[in-house]
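Note sheet for the following structure.
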Number of protein chains: 2
Amino acid sequence: MRNRIEDVAAAAGVSMKTVSRVLNNEPNVRAEMRERVMRAVEKLQYKPNPSARSLAGHRSYSVALVYNNPSRNYLMEIQGGMLEACHDSGYNLFLSPLSTGKEKVAEIQTLFRNFGPDGVVLIPPLTDDKVVLDFLEQRGVPFACIAPKHAADRIGVGMDETTAVLDLMAQLIKLGHRRIGHIKGPSAHGASQWRYSGYKQALQRAGIEYDPALVVPGAFSFDSGEQGANALLALKHPPTAIFAANDDMAAGVIRAAALRGLSVPRDLSVCGFDDTPISRHIHPALTTIRQPTSEMGRMATLELLARIKSPEAGRMLRVDHAVLIRESTAAPRRR
Amino acid sequence: MRNRIEDVAAAAGVSMKTVSRVLNNEPNVRAEMRERVMRAVEKLQYKPNPSARSLAGHRSYSVALVYNNPSRNYLMEIQGGMLEACHDSGYNLFLSPLSTGKEKVAEIQTLFRNFGPDGVVLIPPLTDDKVVLDFLEQRGVPFACIAPKHAADRIGVGMDETTAVLDLMAQLIKLGHRRIGHIKGPSAHGASQWRYSGYKQALQRAGIEYDPALVVPGAFSFDSGEQGANALLALKHPPTAIFAANDDMAAGVIRAAALRGLSVPRDLSVCGFDDTPISRHIHPALTTIRQPTSEMGRMATLELLARIKSPEAGRMLRVDHAVLIRESTAAPRRR
DNA sequence: TTGTATGCGTTATCAC
DNA sequence: GTGATAACGCATACAA
């Protein structure tokens, strides 16, 4: 069988406890001892048994990504970043899909009954789901949020999405667009508010009157983008540009335009948000805002792990955006 | 703290061991006892502690998805299916990304040193990676494969991809295409061979001479599809249709065609393979072959779990395909 | 600063 | 068919 902590202790000529101290970076151990133990660990290729560790230490050395109906791309990116952070820290990652209905309480309870992760990373819209948050807080489980609506007293990571949209809209306006449509995201997401807010503020700054007819609801899905575009393009005075609140919806706009015989960007400019792979894979390639999603997953996990180790630690971080001008935007056609 | 097996034993008036037997479906326990234990379990809402189980039972009750540079969509689907199967069986899922270089041996060793999953699911191209397979076999770890090149003596799930391509190509040929190009996948994937083979067989059946100039290499990536299309469309006698070995490459073909001012499907028919979301999100929507990827992940996991429980169990399953005719294919333009 | 003894919750061994 | 008891490998009061 594999080496145990006892074997390491024997090889180093110290007690189990000393080995344990060294392995867990505890204080009160002389440098010399530490050295000796580390050598023995190396030599025996010792790896602690996670089950024994968990059992004795009342910790699972794992964190859960708890999610609920997000886009696959987004999820994949977050997951990738979390995996990286977990791997580097010797933690394990659980995936916990929750349903959208009332049963999510039972599901998250089951998660904790079965595996008891030491902490949780939440992504929208669960970052602002009262039921889930109450459960976590009441149970005293550390959690980090990615792009939560309400960031006060939270740890995790977010982006100044409003400013990002302001930058993007400025480009559109500079090109000469004045009738700009917007397809919103679902209201449960903070992102929907921030992006909508950026849209409105940009118009205001440019002295363009806000026209409610140019704003339609969406669901962050391709289909809802297509529908939204159809609604906007059927207007008596259709917009010359459409800012969809995410890339999937923007792809839907591109399709709707194509089906109507409109050429993008000649007849219509389109932009999205997120810089998901689809933004480069459709034609024309989407002008969009890059969000370092994977990095955000990594950072949120790191903050979570910090808090798990000490209740004082953990911050709410901010990451930078970048406006990516590609092929889907151009000056409006002269009338 | 939570209830222990001891509490259940006390509540049921039996010994710990009997409870354990009931919980693990072991034989040698009277129906009446079983009933009594189950009632106590219900009443106390008892859930076994996974760490203690693993420690004492020398099992981790977890399986790993071991992968290496596949498409994000594919990975996500497989993962989703595996998650479902794991959840239903009380197993846990580990994600184990491996690098492409020589270090993957060390990485998979680390996986086992650290977590020791009870079994592994492999996806292409790792399904046929000698280094990985040798490690697994030598160590005696049960594993299931999805779409392996060499299915003999393996368990897992696959699809008759050659027949699927035959069906797809028949549609193209029926439309009147006779110069059909093909962008291959990387040779490490069985899928590349099968799809290429289906392409050739379809031509042969239709009495169309195979022209090597119409076949170009690809890497299953969007960019490689775009490059392949550019190569094919630059030919003196360019094809009237292109069959790309997967959807991502087909999307690249669509883009290449658009940049060259070609209208799809009027000037060029395009089809892909996999039915990933992008096939519906680009314009025109791709004619492709649906592969029940998520279901395949689920099935492979189930077979793996069967084998984990008994070395005799576990089969190599086959799933059905479906040809999805969408907007990217039509009759060739008359010359 | 270092070591000893006990417990974590389950499975496995071996009697009965 | 059932039950007492010893592992499993590590952490942690507590003692030295």
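Only a predicted model underlies this, so the values are computations on that prediction, with no experimental measurement involved. Values reported hereafter were calculated over all heavy atoms of this structure, with side chains retained and with hydrogens, waters and symmetry mates removed.
- For A/A56, the listed nucleotide lying nearest its side chain is D/dG9; candidates were C/dT1, D/dT2, D/dG9.
- Comparing C/dG3, D/dG9, D/dT12 by their closest approach to the side chain of A/E26 singles out D/dT12.
- When rounded to the nearest whole Å, the span between CE of A/M16 and C1' of D/dG9 equals 7 Å.
- With rounding to whole Å, B/N3 atom CG is found 14 Å from C/dC8 atom P.
- Side-chain to base pairing of B/K17 with C/dA12: one donor and one acceptor N or O lie within less than 3.5 Å of each other.
- Nearest-nucleotide mapping onto DNA chain D: of A/P50 and B/T18, the residue sitting toward the 5' end is B/T18.
- Summarising the geometry, the separation between CD on A/E6 and C1' on D/dC10 is reported as 11 Å, rounded to the nearest angstrom.
- Between D/dA11 and A/S20, a contact under 4.0 Å exists linking OP1 or OP2 to a side-chain N or O.
- Nucleotide D/dC8 holds its P atom 17 Å from the OH atom of B/Y61, rounded to whole Å.
- Judged by closest nucleotide on DNA chain C, B/P48 is the one of B/R21 and B/P48 placed further toward the 5' end.
- Salt bridge A/E303/A/R307: absent, no basic N to carboxylate O contact under 4.0 Å.
- In this model, the phosphate group of D/dA11 is approached by a side-chain N or O of A/R53 to a distance below 4.0 Å at OP1 or OP2.
- Under 4.0 angstrom from either OP1 or OP2 of C/dT10 there lies at least one side-chain N or O belonging to B/Y46.
- Distance CG (A/L55) to C1' (C/dC8): 4 Å, rounded to an integer number of Å.
- Across all strands, B/N49 comes closer than 4.0 Å only to sugar-phosphate atoms, never to a base (heavy-atom distances).
- Rounded to whole Å, the distance from CG on A/N28 to C1' on D/dA16 is 14 Å.
- Judged purely by distance below 3.5 Å, without hydrogens or angles, the side chains of B/E77 and B/Q291 never pair a donor atom with an acceptor atom.
- Between A/E32 and A/R36 there is a salt bridge, since at least one side-chain N of the basic residue sits less than 4.0 Å from a carboxylate O of the acidic one.
- B/L23 has its CG atom 12 Å from the C1' atom of C/dG9, to the nearest Å.
- Between A/K104 and A/N68 the shortest heavy-atom distance is NZ-ND2, 4.4 Å.
- With C/dT11, D/dC8, D/dC10 as the candidates, the nucleotide lying closest to the side chain of B/H58 is D/dC8.
- Straight-line distance from the CD atom of B/E35 to the C1' atom of D/dG1: 17 Å, rounded to whole Å.
- When heavy atoms are screened at a 4.0 angstrom cut-off, A/R59 is found touching the sugar-phosphate backbone but no base atom.
- Taking only side-chain nitrogens and oxygens, A/N24 comes nearer than 4.0 Å to OP1 or OP2 of D/dA11.
- A salt bridge links A/E295 and A/R298; the closest N-O separation between the charged side-chain nitrogens and carboxylate oxygens is under 4.0 Å.
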